[in-house]
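Please read the structure below before turning to the comments.
The analysis underlying the following values was restricted to heavy atoms, covering all of them including side chains, and did not include hydrogens, waters or symmetry mates. Since the structure is predicted, the reported quantities are computational estimates derived from the model, not experimental observations.
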Amino acid sequence: MTEPILKIENLEVTYRTERADVRALNGVNLDVTPGEVRGVVGESGCGKSTLAFAVMRYLDRNGEITGGRILFKGEDLREKSDSEMDEIWGKHLGMIYQDPTASLNPSLPVGDQIAEVATAHGLASRDEAIGRAIDLLDRVHIRDPEEIIDRYPHELSGGMRQRVGIAAGLMGKPELLVMDEPTTNLDVTTEAKILDIVEELKNELNSAFLYITHDLGVIARVGDGVEVMYAGQVVEQASIDELFEEQYHPYTKLLLRSIPDPEGGKDSLQEVPGSMVDLTDLPKGCNFSTRCPFRSEECSETEPYLEDIKGSHSARCFEAPIEEAEETVGEEKKTNEGSIWDTPPELKREGPILSVDRLKKHFGGGGNWFPWSEANPVRAVDGVDLDLQKGQTVGVVGESGCGKTTLARTIIGLTSPTEGKIKFAGEDITVPIEKRSGQTLKRIQIVFQDPRSTLNPKRTVGQAIARPLILHGEFSRDIIPEKTARLLRSVGLDPTLADRFPDQLSGGQKQRVAAARAFATNPALVLHDEPTSSLDVSVQATILNLLRDLQEDSGTSYLFISHDLNVVRHISNYIAVMYLGHVVEYGTTEEIFSPPYHPYTEALLSAIPVPDPNLSRKRIRLTGSVPSAVDPPSGCVFHTRCPRKVGEICETESPPVCGGGEHEIHCHIPEEELNEVESVLS
């Protein structure tokens, strides 16, 4: 057998804090061999990133490796001095961070930053290093690398910055590359390209990877083996095939069941009960016992060991394998104190709650303010038609830069439309937000991607939720605390949290507070802009179930924006696929996920990371990046990247609409040919 390039033995890491010492890792064992992608998965706070930084010997100042060994190429990194680590970093051991913006120097061109790894280690002269940087950018599929090397990080898209980070990590040709959530917040096509690169490097260079992620679909796609972590311990360990064939630890079972069904099931997602334990106050016995639906008396008294079960599969559980109790998972009953909403009057009228007609939003380009300017405008939204019926959800999907968020901001009035009409419950609201009626402002709400940026850190949770109640003046101040408490209970939070500040809550709790605030005014329409993109799969499941329950209880309609097609499939009745400001396909969820497809939709579906390593799929990769919205392609806006381009007609004429019923596909490909396309997933 091949010797491990990395061997971790009984690793312990402790953080010193004013409150108490926090043991973030407790007895972790892990091997990574050349040519292997070893995945580490789990919720936020389980110790994944601490493991990555411990391997890199790059812990925070208050972090300390208090036990165990980190053997890299047979030598213990714990015994290395900082100067000795300087010789290892980049050249033998590389790392790719979750946020490339934070790891790239904003004041240096990206070419210099990539080349620096080679020049610092004396591996090449500057000219040679720049030449190698160009080759690496080409290898990670960045077009025109000779031009890109002179650009600064802010001039690149998120996906391009992530690929620059990978190129920098590869410059020294390290034997091991640590990847800490490298595809979080990337759209599915960019994520697919990053995962393709990992596969290529593994196969061609025999590189080893330690891949940190909370997405089991990603690990199913590229991983060879996996460690599932909880509260600083490995609770299950297996090859990829073994893990997805059968899970022996309850935590792993629950994580997999919290992911939307790739086959499109609409049932409520399985939630992992409770939240991550406090590492300063661990329960007696099994760390997971306080959340485990299979716990026995022994689990609360004795800590289980990681024991071999079958093949290379091991688990830290007294009850493994869990078969007889499997049907009890997720059968906890929810309590409901009754609806706290009256039906908004807008939902009592006939017709759609929202109608968007030929909506355009262009930025810049002169116009009335600068009529002498010859600059072309940014065509962020360029002629969108959309209807949203009462009590239904329309999902909006597409790559970054396709216009999804601008569409939502224009509908809610944060930016004024350039052309077109917006009607809410039959009322024309195509006016600046200050001219909209108080009733309209009350009945249309929005939940943003990052609740941290929308919750005032100086106001308590209760004050944040009470603010819209006070602004719209429907309640006397003496009953607002009671109303706030009921809103917190409606989103599954304890009313005592009303006295806390946002920074005292977890990400999932903050997102629930944002939902409670949005529902405070009894809205008829709520816009959701990527509300689950940064959340663990377990928290994501909780939020999706919450949104469904709120919709069923209140009758509210949703416009749900996301780059995660699995999430959109789970929550939506209809889906609009956007590309460069245009809706290129629209239909029911079933129609969008089944042939016929628009070629762009087909490419998006083929890029979805599915938590099933045995699922076969078409491999469709789009070349290049989304064209500039300042100078969009003529004819069909997708023709510059379309893998099934018909010919010159795609470049000169706008595509016709084909399909049947509510299904619309904007494409020059003959309808009979579209109908013959095979399903992407099988």
TODO: State, with a plain yes or no, whether a side-chain heavy atom of Phe560 is found less than 4.5 Å away from one of Leu547.
DONE: yes
Open item on the list: Can a donor-acceptor pair be found, under 3.5 Å and without considering hydrogens, that links the side chain of Ser572 to the backbone of Ile575?
Closed with: no
- [ ] Walk me through it: do Leu30 and Val234 pass the test side chain to side chain contact (heavy atoms under 4.5 Å, CB included)?
- [x] CA-CA 9 Å; Leu30 174 70; Val234 174; over 6 Å; no
TODO: Flag yes if more than 12 heavy atoms outside Glu204 fall under 6.0 Å of its CD atom; otherwise flag no.
DONE: yes
TODO: In sequence, state the C-alpha distance, the side-chain angles, and the governing distance for Arg379 and Val630, and then conclude on side chain to side chain contact (heavy atoms under 4.5 Å, CB included).
DONE: CA-CA 6 Å; Arg379 301 175 181 271; Val630 175; over 6 Å; no
TODO: Say whether, by atom type as modelled, one donor and one acceptor occur between the side chain of Thr601 and the main chain of Tyr597 under 3.5 angstrom.
DONE: no
- [ ] Spell out, as yes or no, whether a donor-acceptor pair under 3.5 Å connects the side chain of Thr532 to the backbone of Gln540.
- [x] no
Task: Closest approach of Pro655 to Gly635 (non-hydrogen atoms, all atoms of both residues) - done: CD-O, 4.3 Å
Open item on the list: Going by side-chain hydrogen bond (donor to acceptor under 3.5 Å, both in side chains), name the residues that satisfy it together with His666, two or more places apart in sequence or in a different chain.
Closed with: none
Task: Crowding at NZ, Lys645 (>12 non-hydrogen neighbours, <6.0 Å) - done: yes
TODO: For Asp138 and Ile134, indicate whether the former's side chain and the latter's backbone hold a donor-acceptor pair under 3.5 Å.
DONE: no
Task: Step-by-step side chain to side chain donor-acceptor pair (under 3.5 Å) determination, Ser258 to Gln270 - done: CA-CA 5 Å; Ser258 67; Gln270 170 66 59; over 6 Å; no
Open item on the list: Please evaluate residues Glu242 and Ser312 with respect to the criterion side chain to side chain donor-acceptor pair (under 3.5 Å), reporting the C-alpha separation (whole Å), side-chain torsions for both, the decisive distance (0.1 Å), and the verdict.
Closed with: CA-CA 8 Å; Glu242 288 172 335; Ser312 61; 2.6 Å; yes
Task: Taking every non-hydrogen atom, the tightest pair across Leu254 and Pro293 - done: CD1-CD, 4.0 Å
TODO: Walk me through it: do Val577 and Val583 pass the test side chain to side chain contact (heavy atoms under 4.5 Å, CB included)?
DONE: CA-CA 6 Å; Val577 182; Val583 173; 5.9 Å; no
- [ ] Nearest 0.5 Å please: distance from the CZ atom of Arg161 over to the CZ atom of Arg151.
- [x] 12.5 Å
TODO: Report the distance from atom CD of Glu671 to atom CG of Leu674, rounding to the nearest 0.5 Å.
DONE: 7.5 Å
- [ ] State, to 0.1 Å, how close Asp387 and Val394 come at their nearest heavy-atom pair, and which atoms those are.
- [x] O-CG2, 3.9 Å
Open item on the list: I'd like to know whether Glu246 forms a salt bridge (Lys or Arg N to Asp or Glu O under 4.0 Å) with Lys310, so could you lay out the CA-CA distance, the side-chain angles of the two residues, the decisive distance to 0.1 Å, and finally the verdict.
Closed with: CA-CA 10 Å; Glu246 187 171 8; Lys310 181 180 179 182; 5.2 Å; no
Task: Minimum side-chain heavy-atom gap Val657-Ile665 below 4.5 Å - done: no
Open item on the list: Using only atom types and a distance under 3.5 Å, with no angle test, would you say the side chain of Glu271 pairs donor to acceptor with the backbone of Ser538?
Closed with: no
Open item on the list: Given 3.5 Å as the limit, does a donor-acceptor pair link the side chain of His582 with the main chain of Val584, or not?
Closed with: no
TODO: Give a yes or no on whether the backbone of Asn614 and the side-chain of Asp612 come within a donor-acceptor separation of less than 3.5 Å.
DONE: yes
- [ ] Verify whether one side chain among Thr393 and Gln551 offers a donor that lies under 3.5 Å from an acceptor in the other.
- [x] yes
Task: Ser400 versus Asp187, closest heavy-atom pair with distance - done: N-OD2, 2.9 Å
Task: Side-chain heavy atoms of Val178 within contact of Ile96, under 4.5 Å - done: no
TODO: State the CZ-CE distance between Phe209 and Met179, to the nearest 0.5 angstrom.
DONE: 6.0 Å
Task: Residues Asp224 and Arg38 bridged, charged N to O under 4.0 Å - done: no
Open item on the list: Can you tell whether the side chains of Lys48 and Glu43 come within less than 4.0 Å, N to carboxylate O?
Closed with: no
TODO: Check for a donor-acceptor pair, side chain of Asp564 on one end and backbone N or O of Val567 on the other, with a separation under 3.5 Å.
DONE: yes
Open item on the list: Is there a side-chain contact between Cys642 and Pro599 in this structure, where contact means two heavy atoms from C-beta onward sitting under 4.5 Å apart?
Closed with: yes
Task: Heavy-atom side-chain contact between Pro352 and Leu388 under 4.5 Å - done: no
TODO: Please check if any side-chain donor atom of Gln392 sits under 3.5 Å from a side-chain acceptor atom of Ser557, or the reverse.
DONE: no
TODO: Would you check if the side chain of Lys193 reaches a backbone N or O of Val188 as a donor-acceptor pair within less than 3.5 Å?
DONE: no
Task: Atom pair CG (Leu269) and CD1 (Ile543), whose distance is rounded to the nearest 0.5 Å - done: 11.5 Å
Task: Asp382/Lys361 ion pair, N-O < 4.0 Å - done: no
Task: Ring centre gap for His663 and Tyr586 strictly below 6.0 Å - done: no
Open item on the list: What I'd like to find out is whether the side chain of Met95 reaches to under 4.5 Å of the side chain of Asp180, using heavy atoms alone.
Closed with: yes
- [ ] Rounded to the nearest 0.5 Å, what's the gap from CD1 on Ile649 to OG1 on Thr652? Could you check?
- [x] 6.0 Å
TODO: Kindly indicate, with the supporting measurements, whether the criterion side chain to side chain contact (heavy atoms under 4.5 Å, CB included) is fulfilled by Leu550 and Thr556.
DONE: CA-CA 8 Å; Leu550 291 174; Thr556 303; over 6 Å; no
- [ ] Kindly write out the residues that satisfy ring pair (Phe, Tyr, Trp, His ring centres under 6.0 Å) with His598, not counting sequence neighbours, or none if the list is empty.
- [x] Phe638
Open item on the list: Testing the basics here: between Pro531 and His528, what is the closest heavy-atom pair and its distance to 0.1 Å?
Closed with: CG-CB, 3.8 Å
Task: Side-chain donor-acceptor pair present, His313, Glu245, cut-off under 3.5 Å - done: no
Task: salt_bridge(Lys618, Glu602) N-O dist < 4.0 Å - done: yes
- [ ] Over all heavy atoms of both residues, which pair between Ile561 and Ala408 is shortest? Give the atoms and the distance, please.
- [x] CD1-CB, 3.4 Å
Task: Glu191 and Thr183: CA distance, side-chain angles, deciding distance, side chain to side chain donor-acceptor pair (under 3.5 Å) verdict - done: CA-CA 6 Å; Glu191 178 180 64; Thr183 61; 3.1 Å; yes
- [ ] Would you check if the side chain of Ser314 reaches a backbone N or O of Ile309 as a donor-acceptor pair within less than 3.5 Å?
- [x] no
Task: Whether over 12 other heavy atoms sit under 6.0 Å from Lys173 NZ - done: no
Open item on the list: How about CD on Glu662, more than 12 heavy atoms from neighbouring residues, nucleotides or ligands closer than 6.0 Å, or not?
Closed with: no
Task: Heavy-atom check, side chain of Arg621 versus side chain of Asp196, under 4.5 Å - done: yes
TODO: Taking the side chain as every heavy atom from C-beta outward, state whether Asp261 and His570 have any atom pair closer than 4.5 Å.
DONE: no
